[in-house]
2 protein chains.
Amino acid sequence: MYETRFIARLLLNKYSGDDMGNIREVAKLAGVSVTTASRVFNGHPYVSEEKVKAVMEAAEKLNYTKNINAVHLSKGRTNSVGIVLPFLHLPYYGEWLHGLAEEAIKEGISLQVFQTNYQKKAEIDALQSLKSRQVDGLIIVSRINEIEVISAFREDGPIVLCEKIEQGFPSVYIDHYQAFQTALETLREKGHQSIGLCIHRKTGTNSIERIQAYRDSLKKFKMDLNEEWIFTGCYTINDGIRVMNEWEKLKNRPTALLATSDQVAAGIVSEAKKAAIDIPGDLAVMSCDNHPISELLDITSIHIPVKEMGRRAFKLFIRSLDGEDNVREKLETNIFMRSTI
Amino acid sequence: MYETRFIARLLLNKYSGDDMGNIREVAKLAGVSVTTASRVFNGHPYVSEEKVKAVMEAAEKLNYTKNINAVHLSKGRTNSVGIVLPFLHLPYYGEWLHGLAEEAIKEGISLQVFQTNYQKKAEIDALQSLKSRQVDGLIIVSRINEIEVISAFREDGPIVLCEKIEQGFPSVYIDHYQAFQTALETLREKGHQSIGLCIHRKTGTNSIERIQAYRDSLKKFKMDLNEEWIFTGCYTINDGIRVMNEWEKLKNRPTALLATSDQVAAGIVSEAKKAAIDIPGDLAVMSCDNHPISELLDITSIHIPVKEMGRRAFKLFIRSLDGEDNVREKLETNIFMRSTI
DNA sequence: CTGAAAGCGCTAACAC
DNA sequence: GTGTTAGCGCTTTCAG
């Protein structure tokens, strides 16, 4: 049996690591038990100096490295976390991941990234990876499946959400309702009575909150409401350009646009310039994130501490592992006034 | 023994999946052998209809999910690949990952991301994860360690590089030397005799190639050379702003700047505008990547198919797994002429 | 301080 | 078609 398997691996896989011993071989060469060798590799106490040395030497000689998969199986965890997000090319998620990765490396936790493209199935694959113990937990930056679907995996491990969720999950979030209220109030004070919205999608906790704040504000101040003024699918610079073109075609135009992403606002502003539309004279623009590009183009933007969210989400994941699995953290926003409103 | 372990897990970890059976229990409940159950879960042939059904039902009843770590250990691979890159917040890498992730999901390969921050140690950790079999292979988008260090891990699994490397690794790359030559030639034709460089770093295959092209071109055309004109550490918009400020302080100023990133060029161009410096009159600017921001700001840029590189790198990884582990692919670039030169 | 041995849960060779 | 069983390589309990 040994033979067959060995030969098969040789044939199938040149990376069979044939020259890499396992802990048993190391132990044998060092003249100690497997237990002792294991202790040495894990820095456990109560091993004599000389045995430590013998084991280290044997390991060196055999070019030994732990097979981490065996460790994972034996320990029942993987020291890794899955990050679930829709798109990797949007600056928002890049920034977010950057913050998270900085924390994760400190804790020696590895990162498994699941780009869902907002496909339900892809997101469920990520959830499955929790159930199958590929990752110890999940951080869902943005989701597409209903919360009930997510909840079904709740018992399989910590799941951190990044939205204002009532209970059942640890989460880090922005009060988008409040932020939008403030933003709309600010625009109103500037004299805008008709305001349009550029938003990612109509679903999703964050989007729903934002739309709600929008509708509520309009009603409260008896401002104009027009379904045509809600532009969805707005993620990128190009989407902003598209919005600007649509705006131009509108018979009844809003005098201000509130976008949920700086990229979109950037597209709007630059396309406006090309079309000789005066910002903020003909159209005021305000966006979210306060990403460097907004400063660059001098776009008024609501600062969202994206990187910090990534960091916090990771910390919540860690706390969740320790049993504190219902913490919710709200992060603050503030408006950076610039020239586009 | 069973007892102790069980209780310990209950105490330590609420996510012990107590209600989740393993394949043995499923097999028992279904009244079949473990092998048969395994066959069912892996879609292997030669299992009778009824047994398939029995196994499926038992699995359902026990809320069974494969423990993927056991699979990994048993099979000797993990169906995952590690991506090594310095920074997750730079659009370049986001774009790159996006392309890669799209391919990976098709093949059911999961992504482990290693953000190194260009710290040698973090990069080595990634390499170790290959050796410890945490990932089946590595794609190094940009590295900081010497090639010899990487080579030492060559036998542990496929390692795909993204640079023009002589041999020993599969790789996908851009001929940066040629691209820069063309760019510099273009600037020269526009009458520029003194050209500055904004580059990531002085090391790294790609940077070295670019600097070499720079020096060679200057020499060839007897253009001015001034070490002060080489700005390093240029990655972001803010770095571009910094460069612009430094440029202004220069006694002897280059009349053109060639940047390796659109972000940097964007910073330069917008800061120039603030300082009432005419682009391209006082200073011509050209950059690399042709990221949407360059179109936005109408910056002349060398198009680099970043997303495609991500895709190709992944495909090379797959081919490498299949034994074709020395393929090198060159991707083409082309200049998008806009208003900054 | 040390070691024997029983797991962890799945795969697959081999025998029937 | 199906089942038995020996791995995969490490951790950890328990008994010295």
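Being a predicted model, the structure only gives us computed values, none of them experimental. Below, chains carry the letters A, B, ... as their sequence lines are ordered, and counting in each starts from 1.
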Chemist: Could you check how far NE2 of A:H44 sits from P of D:dT13, rounded to whole Å?
Modeler: 10 Å
Chemist: Atom NZ of B:K75 and atom P of C:dC8: how far apart are they, to the nearest Å?
Modeler: 22 Å
Chemist: Please state how far atom CD in B:Q134 lies from atom C1' in D:dG9, giving the value in whole angstrom units.
Modeler: 15 Å
Chemist: Mind running salt bridge (charged side-chain N to carboxylate O under 4.0 Å, His left out) on B:R311 and B:E308 for me, showing each step along the way?
Modeler: CA-CA 5 Å; B:R311 283 200 204 97; B:E308 180 64 17; 2.6 Å; yes
Chemist: Taking only side-chain nitrogens and oxygens of A:Y64, does any of them come within less than 4.0 Å of OP1 or OP2 of D:dC10?
Modeler: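 Answer is yes, contact under 4.0 Å.
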Chemist: Look up atom OG1 in A:T78 and atom CD in A:Q112, then write down how far apart they are to the nearest 0.5 Å.
Modeler: 7.5 Å
Chemist: Would you say a side-chain N or O of A:S33 is under 4.0 Å from OP1 or OP2 of C:dG3?
Modeler: yes
Chemist: Between C:dT2, D:dG9, C:dT11, which one does the side chain of A:R24 approach most closely?
Modeler: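 Comparing C:dT2, D:dG9, C:dT11 against the side chain of A:R24, the answer is D:dG9.
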Chemist: Need to verify one output field. Residue with the more 5' nearest nucleotide on DNA chain C, B:I23 or A:P45?
Modeler: A:P45
Chemist: In this structure, is the centre-to-centre distance between the rings of B:Y92 and B:F87 below 6.0 Å?
Modeler: no
Chemist: Decide, yes or no, whether a salt bridge links B:E103 with B:K106 under the criterion of side-chain N to carboxylate O below 4.0 Å.
Modeler: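 B:K106 and B:E103: salt-bridged.
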Chemist: Output the rounded distance in Å from CZ (A:R39) to P (C:dC1).
Modeler: 11 Å
Chemist: Quick one: does B:S38 reach the base of C:dA12 with a side-chain donor-acceptor pair under 3.5 Å?
Modeler: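 There is none.
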Chemist: On a plain distance test, is the side chain of A:R133 in donor-acceptor contact with the base of C:dG9 below 3.5 Å?
Modeler: no
Chemist: Could you work out which one of D:dC8, D:dT5, C:dG3 sits closest to the side chain of A:V32?
Modeler: C:dG3
Chemist: Hey, is NZ on A:K28 packed in by over 12 heavy atoms from elsewhere, all under 6.0 Å?
Modeler: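 At most 12 heavy atoms, drawn from other residues, nucleotides or ligands, come within 6.0 Å of this atom.
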Chemist: Base of C:dA12, side chain of B:T35 - is there a donor-acceptor contact under 3.5 Å?
Modeler: yes
Chemist: Are OP1 or OP2 of D:dC8 and a side-chain N or O of A:N22 less than 4.0 angstrom apart?
Modeler: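 Answer no for this pair, as no side-chain N or O of A:N22 is under 4.0 Å from OP1 or OP2.
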Chemist: Calculate the interatomic distance between B:L62 atom CG and C:dC10 atom P; express it in whole Å.
Modeler: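 Value for this atom pair: 12 Å.
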Chemist: Write down the distance between OH (B:Y46) and C1' (C:dC16), rounded to a whole number of angstrom.
Modeler: 17 Å
Chemist: Quick one: is B:N69 getting a side-chain N or O under 4.0 Å of the C:dC8 phosphate, OP1 or OP2?
Modeler: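 No, because none of the side-chain N or O atoms of B:N69 sits under 4.0 Å from OP1 or OP2 of C:dC8.
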Chemist: Let me know the distance between CD1 of A:I68 and P of D:dG9, rounded to the nearest Å.
Modeler: 14 Å
Chemist: If each of B:V47 and B:L73 is mapped to the nucleotide of DNA chain D with the nearest heavy atom, which maps nearer the 5' terminus, i.e. the 5' end?
Modeler: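 Result of the comparison: B:V47.
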Chemist: Round to a whole Å and report the spacing from CG of B:N67 to P of C:dG7.
Modeler: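 In whole Å, C:dG7 P and B:N67 CG are 17 Å from each other.
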